[in-house]
Amino acid sequence: MSGRLISARLATLARRTASNTPRRLFFNTSNQLPAGGLLRTEAGLRLVQRRAWPFGSYALHNVPAARSISFARVIPKLVGKFATAGAAAGGAVIAGVSYIQYQAGQAGSWAVDVFNRTKDGASEVAGGALDTASGIFDQLGRGWSKTKEDLESVEKPEWLQKLLAREESGGSGGGQGGGKEPQEPKKSGAGTVAAGAAALGYSQDDEEDKEQAERIARDEQMMMLTKKMIEIRGLLQTVGQSESLTLPSIVVIGSQSSGKSSVLEAIVGHEFLPKGHNMVTRRPIELTLVHTPDAQAEYGEFPALGLGKVSDFTQIQKTLTDLNLAVPASDCVSDDPIQLRIHSPNVPDLSLIDLPGYIQVTGRDQPTELKEKIAQLCEKYIRPPNVILAISAADVDLANSTALRASRKVDPRGERTIGVITKMDLVDPDRGASLLNDKKYALRLGYVGVVCRVPSTASGPKLFNRGSANVQTAIAKNENAYFSSHSEFSPESQLSVGTGNLKKKLMHVLEQTMAASLKTTSEAISRELAEATYEYKVQYNERPLSAESYLAESLDAFKHSFRGFSDQFGRQQVRELLKHELDQQVLNLLAQRYWNRPLEDLSVPLPETDPLSHLPKADIEGEDQIWQIKLDSSSASLTKLGVGRLATSVVANALQAHIDHLVLTSRFAAHPFARQAITEASTSILKDLSYDIADELEICIKPYKYRIEVEDNEWAKGRENVTNVLKEELKVCEAAVKKLEDQMGGRKKVRDVIAFIDRVRTGQVVLEGDGVGGAGGFSASLLTKGREAVFLRDRADVLKMRLLAVKSKQCATKKNKYHCPEVFLDAVADKLTTTADLFLDAELLSKFYYIFPRELDARLGRGLSQSEIDRFAREDPKIRRHLDVVRRKDLLEHVLKEMESLRQLEAREKRYSRREVKEERRKGGWSLF
């Protein structure tokens, strides 16, 4: 609740009290009043009751008590000034009570003089005036108590709570005086003087406390501005930063062994920078310090590496060393920065860049261009608007300072350069003081002297002792001990010394630099945003896209195509697959037991005891029972082939092949990660289902292993199907013969080779060595292909013969199944196919179609982390570019909003500054009126 609200409430109470004054018409004033009526309040009350004052006037309308109206007007101003501190309010109450008493006493004296002729009547009037004033004061007291209770219930900022608590503790003595009873009117003059003095003292304290509170608030606002700007810098680094969009940082430069690393480590409080010989620092280190007051531990982060929070600063140092040494010695240095963020309650919010140290002479094992490359790298970073932190050792004359010489090139007037003189304890105090007061190489931001080392211990003269403890306190004690022991660095000298002062200066300079760059940075961000928006509109038609939405769309499209496949691939397709596979098994059995075999050599073949040409006229129940045995064994081989496992494997392979085809024709074709995930999902599901389903299917077809009965319709169907199968096989043979003719040099060449082989097999030609070295004018390779051609010719003749047999009347009935083994085996295969496709459709297909989409959601949806989703989307170059544009646009919009809020904060700070100037111009006390 503000002071204006309190004053408004008190003013209302004052007016309400005045309006409640009793009024009556005047009838008679001749009554005699007793003497001493000034001290008789009941006499004044009787006079008020019979005196007819004008309507709207007070009972003391014609006495000085009428100035209570002015008192009511001053109440808002009075309370408004006392609202900021409880102790000041107590002083105001003392002054107010004393003043009321004084006015009441003056009113009584003046009334005695005016109404001297009416004596007791005037006394009663004065007594009534005193009661009225007392009533007003009581009413004001009750209102003030109520307002104070309301103020206590209001939630106040933390800085205001601390301020009020401090002032309450400091003003407790003044509050005791306010609880005394009012003095008599004759003593009110002294009370008024004392109260006025107290009010004047409280007014001065009030102004000082108010200014202090405003300074604290402004400091917090500036710290917030710096923190926000550092956050914005980190955001812009994640999407790339153009040359025109640069945010200020503090660039640390200095020669090797000048103490540059020691200064940074003293600010942080830990040893974390790489150490060693042969130039360990080869890359810029963008060091961002984040002040975390509520953090329980200090830790570092490498945003580009994704190592998480590293609380061991020794590990941070090792990582920095490895990253620097990864730069080949032939390349000298690299301008690829290393990003490191350190979160700690002991560091300020700063953005620093540590660069390789300047060298004067290159070593034998160093490239000759090393010196120039380091200078070029440093010159790139110390350009405006960056602040330069030039490190120079105290034992080196400033005229020979490499850091100051480099800063003069880009900052000739020294407006952006802070000089830091290290190793102050290595020179005489007079020499150190003269360096800090140097006018020949003057810098607008001045010099700071530091001693960034901890005293040597028994463990060795190290800069810091390795460990997790923060050494800022030890450094501060060491610096304080040194500088306080020399009068040259006393506070009267106005020299800036110590790491603490250096941190304060860095914070102040960075705050001012960042505040000054708000406008230009906002304009640069606006330009970048306009370019990103134009590219987003022209190239992508303002189509929103994110890694999550792209993955969801791709997954939905793939599942939609899978749903279409599941509608098309059902029992009929499974039957066709299984029947084709079993037809091939039937052909294999026929070839093994009925048809010709491939020629293994060119020797004369043995005569056949049961040629296939004799089958149509064979006596199955007589001497030619061999054909019955062949058919029964072939049927048993077919049913005991392992149809369950074979059928399950065929269908599972077909499903996997279709899934692979769907992947190649979907968006996932450009995403190896997604292809692998989908393949693994389908493979694991089919593998898990196949084991149980294959065994269960074997149990279903087990009865066919012992006896098979074929119906007439099944026989007719088998006869028709096997005719087509034999025709297809005949076509395959003829195609193979055609291919051999092309390979052997034509049909004539094939005929000549076949004729030679026939003569050899009939004994007309004797061949030595089986034609290994060639024979008959033909090479060994031609003879090998010739044997193939003879086999295909004989197979084609057998197929033609069996086609005629299947089409004959003999194979029209199932009674002649032994004369027509092809038809019977095809009918058996059809029975097995019917059983298998029914079972596989109910078990394998239905379960796979149910489980697979859900497994996809688990593997490519809920099961993926954000980094995996981003990696998936960025595997496609087009999508990666689209995502970069969208992300850059969104991030720039977010950063621009943050910048606008910071600019408003800066404008508010400027208004405070202008108001502070005006307050200084009209300094002075205030009065009640």
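Along the sequence shown, residues carry numbers from 1.
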Between Ile374 and Ile359, is there a side-chain heavy-atom distance shorter than 4.5 Å?
yes
Between Arg408 and Asp411, is any pair of side-chain heavy atoms under 4.5 Å apart?
no
Under 4.0 Å between a side-chain nitrogen and a carboxylate oxygen: does that hold for Glu265 and Lys260?
no
Pairing donors with acceptors under 3.5 angstrom, does anything connect the side chains of Glu298 and Ser311?
no
Write down the atom of Ala433, the atom of Glu488, and the distance for their closest heavy-atom approach.
CB-CB, 4.1 Å
For Gln360, side-chain hydrogen bond (donor to acceptor under 3.5 Å, both in side chains) partners two or more places apart
Thr402
Ile382 vs Ser407, test: side chain to side chain contact (heavy atoms under 4.5 Å, CB included). Steps then yes/no.
CA-CA 7 Å; Ile382 61 178; Ser407 66; 5.6 Å; no
side-chain hydrogen bond (donor to acceptor under 3.5 Å, both in side chains) filter on Lys889, not counting sequence neighbours, yields Glu893
Answer yes or no: is there a donor N or O on one side and an acceptor on the other, between the side chain of Glu479 and the main chain of Gly498, under 3.5 Å?
no
Is it true that a side-chain atom of His270 and a backbone atom of Phe313 form a donor plus acceptor pair closer than 3.5 Å?
no
With sequence neighbours left out, the residues meeting side-chain hydrogen bond (donor to acceptor under 3.5 Å, both in side chains) with Asp322 are Lys318
Who passes ring pair (Phe, Tyr, Trp, His ring centres under 6.0 Å) against Tyr536, sequence neighbours left out?
none
Does Gln866 have more than 12 heavy atoms from other residues, nucleotides or ligands lying within 6.0 Å of its CD?
yes
Under 3.5 Å donor-acceptor, Gln315 side chain and Val310 backbone:
no
What pair of heavy atoms forms the shortest contact from Leu495 to Phe489, and how long is it?
CD1-CD2, 4.0 Å
Rounded to the nearest 0.5 Å, the NE2 atom of His508 sits from the CG atom of Leu510 at a distance of 11.0 Å
Could you pull out all residues at least two apart from Tyr534 that satisfy ring pair (Phe, Tyr, Trp, His ring centres under 6.0 Å)?
none
Roughly how far, to the nearest 0.5 Å, is NZ of Lys409 from SG of Cys378?
10.5 Å
Inter-residue atom distance Asp336.CG - Arg282.CZ, 0.5 Å rounding
14.5 Å
Sequence neighbours excluded, which residues qualify as ring pair (Phe, Tyr, Trp, His ring centres under 6.0 Å) partners of Tyr299?
His343
Would you check, one step at a time, whether the test side chain to side chain contact (heavy atoms under 4.5 Å, CB included) holds for Lys309 with Glu301?
CA-CA 5 Å; Lys309 298 179 180 179; Glu301 289 180 325; 3.8 Å; yes
Note: Ile285 and Pro274 closest approach over all heavy atoms is CD1-CD, 4.3 Å
Nearest 0.5 Å please: distance from the OG1 atom of Thr281 over to the CG atom of Leu323.
11.5 Å
Looking only at non-hydrogen atoms, find the nearest pair between Leu892 and Ala532 and report the distance.
CD1-CB, 4.4 Å
Residues two or more places apart in sequence or in another chain: which of them pass ring pair (Phe, Tyr, Trp, His ring centres under 6.0 Å) with Tyr482?
His486
Looking only at non-hydrogen atoms, find the nearest pair between Tyr381 and Pro337 and report the distance.
OH-CB, 4.1 Å
Determine whether Asn478 and Phe483 make a side-chain contact, defined as any pair of heavy atoms from C-beta on separated by less than 4.5 Å.
no
Minimal non-hydrogen separation, Lys275 against Gln317, with atom names:
CG-NE2, 3.6 Å
Is there a side-chain contact between Leu506 and Ile418 (heavy atoms, below 4.5 Å)?
yes
After noting the C-alpha distance and the side-chain angles of Arg283 and Asp335, does the key distance pass the salt bridge (charged side-chain N to carboxylate O under 4.0 Å, His left out) rule?
CA-CA 6 Å; Arg283 297 171 59 183; Asp335 60 353; over 6 Å; no
Is there a side-chain contact between Val410 and Ile388 (heavy atoms, below 4.5 Å)?
yes
Are the side chains of Val333 and Leu370 in touch, meaning some heavy atoms are under 4.5 Å apart?
yes
Can you check whether Pro384 reaches Arg416 side chain to side chain, under 4.5 Å on heavy atoms?
yes
Enter the distance from Leu320:CG to Leu325:CG here, rounded to the nearest 0.5 Å.
10.5 Å
Quiz: residues 390-398 side-chain donor-acceptor pairs under 3.5 angstrom, not counting sequence neighbours:
{"unit_1": "Ser392", "atom_1": "OG", "unit_2": "Ser401", "atom_2": "OG", "d": "2.6"}
{"unit_1": "Asp397", "atom_1": "OD1", "unit_2": "Arg431", "atom_2": "NH2", "d": "3.4"}
{"unit_1": "Asp397", "atom_1": "OD2", "unit_2": "Ala399", "atom_2": "N", "d": "3.0"}

Sequence neighbours excluded, which residues qualify as side-chain contact (heavy atoms from CB on, under 4.5 Å) partners of Ser546?
Glu548, Ser549
Give a yes or no on whether the backbone of Val509 and the side-chain of Thr513 come within a donor-acceptor separation of less than 3.5 Å.
yes
Leu287 vs Ile342 side-chain heavy atoms within contact, under 4.5 Å:
yes
Under the side-chain contact (heavy atoms from CB on, under 4.5 Å) test, residues paired with Ser249 that sit two or more places apart
Arg233, Ser351, Ile353, Asn386
Output all residues satisfying side-chain contact (heavy atoms from CB on, under 4.5 Å) with Leu443, sequence neighbours left out; order by chain, then residue number.
Leu404, Thr417, Tyr447
Applying side-chain contact (heavy atoms from CB on, under 4.5 Å) to Asn480 and not counting sequence neighbours gives Ser484
Just do the side chain to side chain contact (heavy atoms under 4.5 Å, CB included) check on Leu436 and Val497 with the steps written out, would you?
CA-CA 9 Å; Leu436 298 181; Val497 293; 3.5 Å; yes
Audit row: Gln472, Lys503, side chain to side chain contact (heavy atoms under 4.5 Å, CB included) steps and yes/no:
CA-CA 12 Å; Gln472 286 183 344; Lys503 288 195 289 186; 3.6 Å; yes
Spacing of Met507 atom CE and Ile250 atom CD1 [to the nearest 0.5 Å]
10.0 Å
